2 protein chains.
Amino acid sequence: MVRQTTAGKGAATREVILGTACALARVNGLDGLTIGVLADAVGMSKSGVFAHFGSREDLQLAVLDTTAQRFVQQVIEPAALQPAGLPQLRAIVDRWFDWIRHERTGGGCLFTAAASEFDDQPGPVRAHLARQQARWRGYLSRVIEQAVSAGELAADTDPAQLAFEITGFAMVLHHDSGLFDYTEARMRGLRAFERLITPFIPPRNAR
Amino acid sequence: MVRQTTAGKGAATREVILGTACALARVNGLDGLTIGVLADAVGMSKSGVFAHFGSREDLQLAVLDTTAQRFVQQVIEPAALQPAGLPQLRAIVDRWFDWIRHERTGGGCLFTAAASEFDDQPGPVRAHLARQQARWRGYLSRVIEQAVSAGELAADTDPAQLAFEITGFAMVLHHDSGLFDYTEARMRGLRAFERLITPFIPPRNAR
DNA sequence: CCTACCGATCGGTAGG
DNA sequence: CCTACCGATCGGTAGG
């Protein structure tokens, strides 16, 4: 017997739909997610799916939230078990780079793809994306700041700048793994990160 | 009187259509480019537009080629006037970062957006994109290699790795300028690039 | 959660 | 380069 994490059969169905929707969106994009295809994928009628969401836009927003929850579970929470500062930053980058492309199921990072799709489409979806990305960048910056405070990175480090640069490596990894080879791109991404933080680390005799 | 750069009225019409198609694709994505909307934008019937391209896919391929021509004109050719090596690399990055987002007309980099849209859609469009990107990355790597040969960058520099990292900054610039502020993102992008090449430059007393 | 339907739009074709 | 059309699919609604 399957335990339901939320009350009611309707809510359980909604979660099944959302899980499938997230997988479809990762492959076809958030903009390419249609109610008809989603209904087919979960074996329901279009209006049956529709009943769980007020509109396609609400469905897209729900997909963004569900994906964000998974990002927290797969990237942020495990990394938070590491000591604050550089170890945590390394754990984040390692898991983030895993997240960028799901090797088995295919599909890239929904957030990165959606940012490209919606950057010129004003509305609730773009606004939601921007909020999520600003929040994540802020979190990343604070982890970097802790590494600075711990003396693991140079005192004159600009955390927001370093977060910007690491995000760049995540995005070129997304790009290259989508068009070229994932394994090589991941190696390059990790090497880029290590090279980026190495010059910051004060020499031993200065600690 | 307007000089026609190619023979025949049909070819001229085709170029007008392609120009509009490129602008539309930059805003709505290459996947969001539809023949109906394009026909409206140029004031023609759908089948009138269609007659110039065998299929929507051929239209998408033509848009990619036209955009690549413009990239060559706006980024590569002007930068090629600079001395080979680091000056040329700086000129490329400066113009590339301008290219990433067209401030007045709106819309981001078609290549970056299309890579996200088509990375999971096997077919001629994805193949064409991958070829173009590989070619551009190779060109960028050779410019970096020349800077290494000239002693402007450290001898143990991996050109492909440095090209990968610079591409990352172009992509986070694309991302941030689409969701946040272009000016700030551009500043961060340039700072990231300068910081990246600075540690490579051998100190004066070593030259 | 279903059937049955709406107007609009999709890529593409016929025939001129 | 046009009108007129094809079957399919889009987001969404009515009514149950």
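Chain letters run A, B, ... following the sequence lines, proteins first and then strands; every chain starts at 1. Predicted, not measured: the structure shown is a model, and the values here were computed from it.
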*Atom CZ of B:Phe53 and atom P of D:dC1: how far apart are they, to the nearest Å?*
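Atom CZ in B:Phe53 sits about 11 Å away from atom P in D:dC1.
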_Could you check whether any side-chain heavy atom of B:Asp120 comes within less than 4.5 Å of a side-chain heavy atom of A:Arg26, counting everything from C-beta outward?_
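No - every pair of side-chain heavy atoms lies 4.5 Å or more apart.
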*Quick one: the dot-bracket string of DNA chain D, using Watson-Crick and G-U wobble pairs with both distances under 3.5 Å, [ ] for crossing pairs and | for bases paired to another strand.*
||||||||||||||||
*d(CG, B:Asp40; P, D:dC1) in whole Å*: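 Interatomic distance, CG of B:Asp40 to P of D:dC1: 16 Å.
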*When you check the phosphate oxygens OP1 and OP2 of C:dC1, does a side-chain N or O of A:Ser47 lie under 4.0 Å from one of them?*
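Looking at the OP1 and OP2 atoms of C:dC1, neither is under 4.0 Å from any side-chain N or O of A:Ser47.
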*Decide, yes or no, whether a salt bridge links B:Arg186 with B:Asp94 under the criterion of side-chain N to carboxylate O below 4.0 Å.*
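Yes.
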*Hey, are A:Arg188 and A:Asp181 close enough for a salt bridge, meaning a charged N less than 4.0 Å from a carboxylate O?*
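The answer is no: the pair does not qualify as a salt bridge.
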*Is the shortest side-chain N to carboxylate O distance from B:Glu165 to A:Arg191 below 4.0 Å?*
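Result for this pair is no, no salt bridge flagged.
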*Side-chain contact test, heavy atoms from C-beta onward, threshold under 4.5 Å: evaluate it for B:Phe193 versus B:Trp96 and give yes or no.*
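Result no, sub-4.5 Å side-chain heavy-atom pair not found.
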_Close side-chain approach of B:Phe169 and B:Ile100, heavy atoms under 4.5 Å_ =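 Side chain of B:Phe169 against side chain of B:Ile100, heavy atoms only: no contact under 4.5 Å found.
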What are the atom names and distances for every N/O pair under 3.5 Å that joins the protein to nucleotides 7-11 of chain D?
unit_1: D:dC10; atom_1: OP1; unit_2: A:Thr34; atom_2: OG1; d: 2.9
unit_1: D:dG11; atom_1: OP1; unit_2: A:Arg56; atom_2: NE; d: 3.4
unit_1: D:dG11; atom_1: OP2; unit_2: A:Ile35; atom_2: N; d: 3.2
unit_1: D:dG11; atom_1: N7; unit_2: A:Lys46; atom_2: NZ; d: 3.0
unit_1: D:dG11; atom_1: O6; unit_2: A:Lys46; atom_2: NZ; d: 3.3

*Look at the side-chain N and O atoms of A:Ser45 and state whether any lies under 4.0 Å from the OP1 or OP2 oxygen of C:dC2.*
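The answer is yes; a side-chain N or O of A:Ser45 sits under 4.0 Å from OP1 or OP2.
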*Just say parallel, tilted or perpendicular for the rings of A:Trp99 and A:Phe111, cut-offs at 30° and 60°.*
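If you compare the ring of A:Trp99 with that of A:Phe111, the planes turn out parallel.
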*Do A:Ile92 and A:Ile166 have side chains that get closer than 4.5 Å, going by heavy atoms?*
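Result no, sub-4.5 Å side-chain heavy-atom pair not found.
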